[in-house]
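The next block holds one structure in the form of structure tokens; read it before the comments.
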Amino acid sequence: MTARMTSITIGKLLKKRNLRSPIESTIAAISTDVTIANADGQPLLSVGGDPGTQRHPVIVSGEIIGWVTGNDRAVAIVNLLVCMAESELEKKALAKDLLDKYRELSLLDKLSTRVATSLDVREITQLVLAEAATVLNSSAGAIVLEEDDRFERLATWGCCDFLDASQDLLDRVVQNDRGEIINEIESDRALAAAPLESRDRILGAIVLLSEHPYRSEDLKLLGVFASQAAVAIDKALLYDRACQAAREASDRAEQLQHTVCELQQTQTQLVHSEKMSSLGQLVAGVAHEINNPVNFIYGNLSHARTYVEDLLELIGLFQEGYTYSDPQVCELAEEIDLEFLQEDLPKLLKSMKIGADRIREIVLSLRSFSRLDEAEKKSTDLHDGIDSTLLILNNRIKAKGDKPAITIDKKYGNLPSVQCLAGPINQVFMNLLVNAIDALEETQSSNPIIEIETARQEGDRAAIWIRDNGPGIPEAIQKQLFDPFFTTKPVGKGTGLGLSISYQVIVEQHGGCLECHSQPGRGTTFYIELPIASQEMLNCPNLAKKMVSSTGRLPLSLAS
């Protein structure tokens with residue numbers, strides 16, 4: 001064994017001034033000739049002329065680091081050199097330990113920083129395990145989490161076949177809350193395990209495998225790694241639970257919002273249903289009450305006309321064959337202006353007939369508009385619904401004072417009967433036309449126009465456009481038009497339900513489309529699109545047979 005195997009040599013000792021001086025003082029004190037050489041025998045320090053041939057080895061930690069040549073008193077120099085060398089070795093060992101501790105602390109600080117920036121449990125445990133295995137020179141390891149009396153692997157390092165045989169060790173470490181080392185010298189295998197403790201509870205354990213025995217210092221260091229891992233895992237688990245709670249709260253908030261929307265829609269539908277029910281009953285009742293006397297008048301007008309014509313004919317015969325000799329008759333004829341009466345009475349009866357016809361049309365329109373007795377989808381002529389609505393709104397359409405009449409431009413296409421709920425659809429026409437009339441009255445245009453166009457679209461769908469040349473609607477308001485209770489009208493003139501209900505009728509009840517296209521100053525267009533045949537009819541051909549028996553024809557969408 002040579003001196004090159006140790007970091008301490010005689011040459012290094014003699015080069016240090018604080019060590020060379022005591023050596024020289026000791027040589028002077030023993031008053032003898034001495035030569036100090038290195039392990040190879042090369043002289044480094046000589047005192048005196050002839051030290052002789054007696055050599056004394058300087059042995060440190062079983063290694064010869066140099067030689068002292070001299071008499072027996074030179075042994076004191078040998079002992080001094082040995083003490084100095086051992087002291088230097090101890091200083092170096094202490095410095096190495098301090099450096100290792102510093103490196104460990106620096107490593108733990110860096111590890112703590114990296115762990116603090118991550119909230120992923122598996123990423124954290126893998127990072128801690130890798131650093132612990134590297135520092136403690138381990139060949140394998142694992143971090144396990146205790147859950148329901150079993151251990152779940154969160155991170156592994158190397159081959160972890162030893163874990164199955166380490167269950168008893170892990171159980172003891174977790175139950176006793178204390179780290180443990182098992183050094184199996186015969187099998188050249190060592191195990192070290194430490195509990196993962198955070199906030200007075202045990203989360204799991206960290207276990208390492210090595211081919212070299214573990215020391216108590218290693219177990220302490222492993223405990224530090226375990227503490228780092230436990231705090232980080234607990235923080236990550238808390239974060240996961242917080243995220244889960246936030247997601248659940250968000251889901252509940254979304255459900256509540258959905259429930260609020262449903263309640264709002266239900267409220268709107270209830271208001272609409274009650275309103276339509278009352279209105280329908282009122283309209284149907286008024287129409288029924290008016291219809292009876294009107295029918296009586298209308299039915300008797302023809303007889304009255306016949307009677308009047310017969311009487312006028314009789315009077316004519318009297319005038320031709322007889323003269324008025326009776327002064328009372330002449331006076332009465334002149335008083336009642338008999339000639340004018342004979343000429344005007346037929347015109348009067350004709351005007352009464354026209355008026356009765358008009359009343360009958362209004363009654364029929366009211367009955368057609370209300371459709372109180374129709375709760376199911378039936379084959380309906382949309383043009384009839386539009387015409388009846390326009391007839392009801394005639395009072396608002398015609399000229400009044402300085403307000404000009406609204407021109408109704410109807411461009412009806414070849415539109416087949418549509419399977420729909422006639423009453424609600426007529427209510428939609430009413431809402432859209434009333435809004436158009438309100439907009440035209442607001443602008444006080446000299447030439448107000450409402451254009452109604454219908455056409456059959458591809459895919460067996462009926463399209464209706466209702467356009468006006470009013471002031472238009474700003475884009476910001478268009479996004480809220482179909483929201484319940486939203487209105488731009490003054491208080492008392494609008495409920496904010498008309499367009500919302502119209503949207504529900506067209507889109508939700510009939511699977512159609514209701515859109516608004518408008519530009520300020522360029523008017524507004526409402527576009528309605530309805531399926532010609534209802535989805536129920538498409539799914540059930542028996543309904544088509546019922547339609548054939550009731551209407552005598554199939555809708556075009558099914559006939560093809």
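Note that the structure is a prediction, hence the values are computed from the model and not measured.
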Is [X] reaching over with its side chain to a backbone N or O of [Y], donor-acceptor style, under 3.5 angstrom?
X    : Y    : answer
H510 : E529 : no
D40  : Q42  : no
N176 : R178 : no
W465 : T525 : no
E131 : L127 : no
H212 : A190 : no
T32  : R73  : no
S166 : L169 : no
H517 : T524 : no
S518 : G523 : yes

Could you tell me whether the side chains of N137 and E211 share a donor-acceptor contact shorter than 3.5 Å? no
Identify the heavy atoms of [X] and [Y] that sit nearest to each other, and give their distance.
X    : Y    : value
C159 : D161 : SG-OD2, 3.1 Å
G179 : P195 : N-CD, 3.7 Å
D164 : R153 : OD1-NH2, 4.3 Å
A39  : I64  : CB-O, 3.7 Å
C513 : E515 : SG-OE2, 3.3 Å
P22  : L80  : O-CD2, 4.0 Å

Do other residues, nucleotides or ligands put more than 12 heavy atoms under 6.0 Å from R201 CZ? yes
Tell me if the CD atom of E248 is crowded by more than 12 foreign heavy atoms within 6.0 Å. yes
Can you find a pair of side-chain heavy atoms, one from [X] and one from [Y], that are under 4.5 Å apart?
X    : Y    : result
I181 : N183 : yes
D72  : Q54  : yes
V505 : I425 : yes
L170 : V144 : yes
Y214 : L208 : yes
I473 : C516 : yes
S138 : W157 : no
F225 : V135 : yes

Which value, rounded to the nearest 0.5 Å, describes the distance between [X] atom [atom1] and [Y] atom [atom2]?
X    : Y    : atom1 : atom2 : result
I182 : R189 : CD1   : CZ    : 8.0 Å
H258 : Q255 : NE2   : CD    : 9.0 Å
L191 : L209 : CG    : CG    : 5.5 Å
I65  : E88  : CD1   : CD    : 10.5 Å
I528 : L530 : CD1   : CG    : 7.0 Å
I464 : Y527 : CD1   : OH    : 8.5 Å

Worked verdict on I36 versus L81 for side chain to side chain contact (heavy atoms under 4.5 Å, CB included): CA-CA 10 Å; I36 300 176; L81 291 173; 4.2 Å; yes
Between R247 and Q244, does the side chain to side chain donor-acceptor pair (under 3.5 Å) criterion hold? Intermediate values first, please. CA-CA 5 Å; R247 285 192 294 270; Q244 180 64 26; 2.8 Å; yes
Would N431 and Q427 satisfy side chain to side chain donor-acceptor pair (under 3.5 Å), going step by step from the backbone distance to the final call? CA-CA 6 Å; N431 291 336; Q427 180 66 29; 3.1 Å; yes
One pair to check against side chain to side chain contact (heavy atoms under 4.5 Å, CB included): F151 and L145. What are the steps and the verdict? CA-CA 5 Å; F151 293 107; L145 192 67; over 6 Å; no
Side-chain ion pair, R172 and E180, N-O less than 4.0 Å: yes
Determine, step by step, whether I143 and Q126 satisfy the side chain to side chain contact (heavy atoms under 4.5 Å, CB included) criterion, reporting the C-alpha distance in whole Å, the side-chain angles of both residues, the deciding distance to 0.1 Å, and the verdict. CA-CA 8 Å; I143 291 181; Q126 190 64 45; over 6 Å; no
If you apply the rule side chain to side chain contact (heavy atoms under 4.5 Å, CB included), what do you find for V207 with L163, and how did you get there? CA-CA 9 Å; V207 57; L163 281 178; 3.7 Å; yes
